Number of protein chains: 2
Amino acid sequence: MQITASDFDPVFAALADHTRRDIVRRAISAEEGILELASHYPMSFAVVQKHVAVLERAGLITKHRVGRRRVVRTNLEALLIARRLLDQYEALWLAQIGRMDELIAERAGAVGTVETKESKR
Amino acid sequence: MQITASDFDPVFAALADHTRRDIVRRAISAEEGILELASHYPMSFAVVQKHVAVLERAGLITKHRVGRRRVVRTNLEALLIARRLLDQYEALWLAQIGRMDELIAERAGAVGTVETKESKR
DNA sequence: CACCGATACAACGATACGGTTGTACGAGCG
DNA sequence: CGCTCGTACAACCGTATCGTTGTATCGGTG
């Protein structure tokens with residue numbers, strides 16, 4: 001399954017806020033309603049509610065009715081999708097290191113032909 | 001080196017843009033100046049320059065003089081720092097699953113396909 | 001049913017962001 | 001030495017975001 005590039009935007013944007021990351025962390029192990037969540041932060045209830053909405057739009061959390069509350073639960077899948085992208089970058093990096101090693105190995109053997117076409121403008 | 005929570009903000013914020021992620025990807029394997037980078041995107045040079053500045057502030061890339069250009073190179077370390085945070089979340093998740101398994105084992109009877117609705121406080 | 005606990009949502013202001021164009025500077029090439 | 005390539009940076013516009021307060025809604029509990 002291929003994830004389109006633009007899907008990452010809201011996920012990383014959601015993670016780019018300290019408070020929202022903390023909500024994600026809490027919602028992994030706790031079962032808190034929004035009012036309970038808000039009690040942890042020095043901001044109004046409405047702001048926390050908005051942060052939760054951002055996280056929900058990004059797919060990082062889901063809300064579920066429990067009694068009269070709506071408990072917030074983080075969705076690991078979205079976190080893994082983000083991590084997979086970072087893994088891809090790391091793989092690219094390692095592949096690049098591999099290519100560099102090859103180049104060095106080639107030079108060690110044959111000093112003659114230089115294949116690196118560097119455009120010197 | 002201690003990483004404070006607020007250090008993640010610029011990293012994730014920088015990764016929250018499609019173009020910037022692509023610059024990161026390119027700068028892993030290529031050695032391009034900003035003008036060359038800009039040629040890949042349907043926006044003005046100045047915007048790409050700003051994107052590069054955002055990435056540089058986040059520590060995701062570095063610039064190095066090569067000839068009259070400044071080539072952009074991605075800094076794997078920053079990517080790994082971001083990934084480590086996601087790993088921590090996953091670890092928390094797994095720990096939580098473990099705790100839930102314990103609970104289910106104690107109850108020994110409920111079918112696990114549905115979410116365990118509990119507590120009405 | 002009435003009330004209240006918990007959440008949703010709208011309006012508003014300050015600030016940041018993604019994009020534009022235009023100008024200025026520094027350093028190599030000819 | 002001068003030109004121009006590559007980059008930096010400022011001013012500006014529209015829109016999104018983070019924060020506020022106030023009001024509406026929905027569902028349980030008494």
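From a predicted model like this one, the values you see are computed outputs, not experimental measurements. By convention in this document, chain letters (A, B, ...) are assigned in the order of the sequence lines, proteins followed by strands, and residues within each chain are numbered from 1.
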Which part of the nucleic acid, if any, lies within contact of A/Ala46, taking any heavy atom under 4.0 Å across all strands shown: a base, the sugar-phosphate backbone alone, or nothing? base
Take atom [atom1] of [X] and atom [atom2] of [N], then tell me their distance rounded to the nearest Å.
| X | N | atom1 | atom2 | value |
| --- | --- | --- | --- | --- |
| B/Arg65 | C/dC29 | CZ | P | 11 Å |
| B/Phe45 | C/dT20 | CZ | P | 13 Å |
| B/Arg70 | D/dC5 | CZ | P | 19 Å |
| A/Leu35 | D/dG27 | CG | P | 18 Å |
| A/Gln49 | D/dG22 | CD | P | 16 Å |
| A/His51 | D/dT17 | NE2 | P | 12 Å |

Between B/Arg84 and B/Asp87, is there a side-chain N and carboxylate O pair less than 4.0 Å apart?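 Result for this pair is no, no salt bridge flagged.
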N or O in side chain of A/Ser44 less than 4.0 angstrom from D/dT20 OP1/OP2: yes
Consider the side chain of [X], meaning its heavy atoms from C-beta on, and name the nucleotide among [options] that approaches it most closely.
| X | options | value |
| --- | --- | --- |
| B/Val47 | C/dG5, C/dG19, C/dC9 | C/dG19 |
| A/Arg68 | C/dA8, D/dG28, D/dA8 | D/dG28 |
| A/Arg20 | D/dC18, C/dT20, D/dG6 | D/dC18 |

By nearest heavy atom, map B/Ile34 and B/Lys50 onto DNA chain D; which one lands nearer the 5' end? B/Ile34
